[in-house]
Amino acid sequence: MAESNSPQHILTMSSEQRQRFLESFDWVFSDIDGVIYNLESDVPDAGLAYSALERAGKRLTFVTNNSVRTLEQTVRRFERSKIQVTPEQIWHPAQTLVYYLRSIQFEGLIYIMASQQFKAVLKQAGFQLLEGPNQFIEETYADLARHIFDKQPVRAVVIDVDFNLTSAKLMRAHLYLRHPDCLLITGATDRLLPVGKGVNIIGPGAFASILVEASGRPPIVMGKPGRPLGDMLLQQNKITDPRRVLMIGDMLAQDVLFGRQLGFQTLLVLTGGCSLSQLRAVTDPDLLPDYYADSVVDLVQLLAESTPKAHG
Ligand SMILES: [Mg+2]
């Protein structure tokens with residue numbers, strides 16, 4: 001990394017730099033997994049960082065690529081980390097998709113590969129879904145064909161996290177995408193999902209890329225780093241200057257890229273999917289955060305040591 005564009009660790013800033021940093025944003029968009037907790041463990045004291053940010057007058061929105069949990073489950077999970085939020089403060093790809101489909105006045109059938117929670121959000125919003133095949137397929141092309149060829153007028157293929165994804169589902173989706181009016185919509189883009197220290201599993205982005213490649217279609221991305229999500233968040237919060245947003249996250253290709261594309265400031269935390277050596281190896285400026293921290297908890301120290309601004 002060249003010295004000039006190296007991200008700065010927030011606790012190595014001078015007191016003047018800290019002050020300027022703290023005054024440079026009004027909104028915090030924060031990722032959840034890898035920042036507040038991981039699959040099996042919590043980031044200790046993460047909640048303190050968010051309460052300190054709120055005390056400093058920052059407005060919090062949580063932006064996750066994880067639609068597998070319901071908003072209510074996430075709110076309860078946050079309570080364990082001592083973070084009080086309302087469902088309205090949390091955004092995930094299923095909600096963004098509802099917002100997007102309404103914005104384009106989408107009508108028609110949707111073929112979907114996603115979790116039950118994701119599908120429930122769409123059904124509740126009144127969209128018509130098709131899914132499957134969910135049964136075992138005999139090893140003959142005749143049986144395969146019976147399960148993947150379908151003449152129904154599907155106008156959107158949606159792929160997010162589907163633990164029961166099969167090759168037959170991908171084949172069926174690809175066949176719908178032969179229709180020129182059928183949209184390809186992806187949710188979470190993560191190609192690998194960190195599940196523990198140094199352990200990743202294949203993420204939904206890798207499966208989505210099979211469809212992108214096979215169909216030759218650019219996907220419309222509902223998760224980070226997708227543009228529709230960023231536009232919606234700016235609109236919902238009535239934000240006119242994106243530089244006044246600080247995006248906090250643990251993933252370079254999701255959180256940092258998302259923030260950079262939208263013109264937000266970015267803070268990478270090293271408690272999830274990116275290590276310090278991975279950060280140091282970044283050469284693409286779009287993946288380079290403005291700041292980094294060992295953990296979101298570093299913000300507690302930064303806020304405690306900064307001089308409160310004199311009012312009146
Ligand atoms: Mg994350």
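Since the structure is predicted, the reported quantities are computational estimates derived from the model, not experimental observations. Counting starts at 1 for both ligands and their atoms, following the listed order.
- Residue-and-atom listing of protein N/O/S atoms under 2.8 Å from the Mg ion (ligand 1), sorted by chain and number: Asp31 OD2, Asp33 O, Asp250 OD1.
- Under the 4.5 Å side-chain criterion, counting only non-hydrogen atoms from C-beta, Thr271 is in contact with Ser295.
- Contact check on Asp26 versus Lys58 returns no salt bridge, with no Lys/Arg side-chain nitrogen under 4.0 Å from an Asp/Glu carboxylate oxygen.
- For the residue pair Glu54 and Ser51, no side-chain donor N or O sits within less than 3.5 Å of a side-chain acceptor on the partner.
- A salt bridge is absent between Asp162 and Lys119; no separation between the charged side-chain nitrogens and carboxylate oxygens falls under 4.0 Å.
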**Audit row: Lys169, Asn164, side-chain contact (heavy atoms from CB on, under 4.5 Å) steps and yes/no** = CA-CA 9 Å; Lys169 287 184 181 178; Asn164 293 295; 4.1 Å; yes
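- Taking a cutoff of 4.0 Å between a charged side-chain nitrogen and a carboxylate oxygen, Asp143 and Arg146 qualify as a salt bridge.
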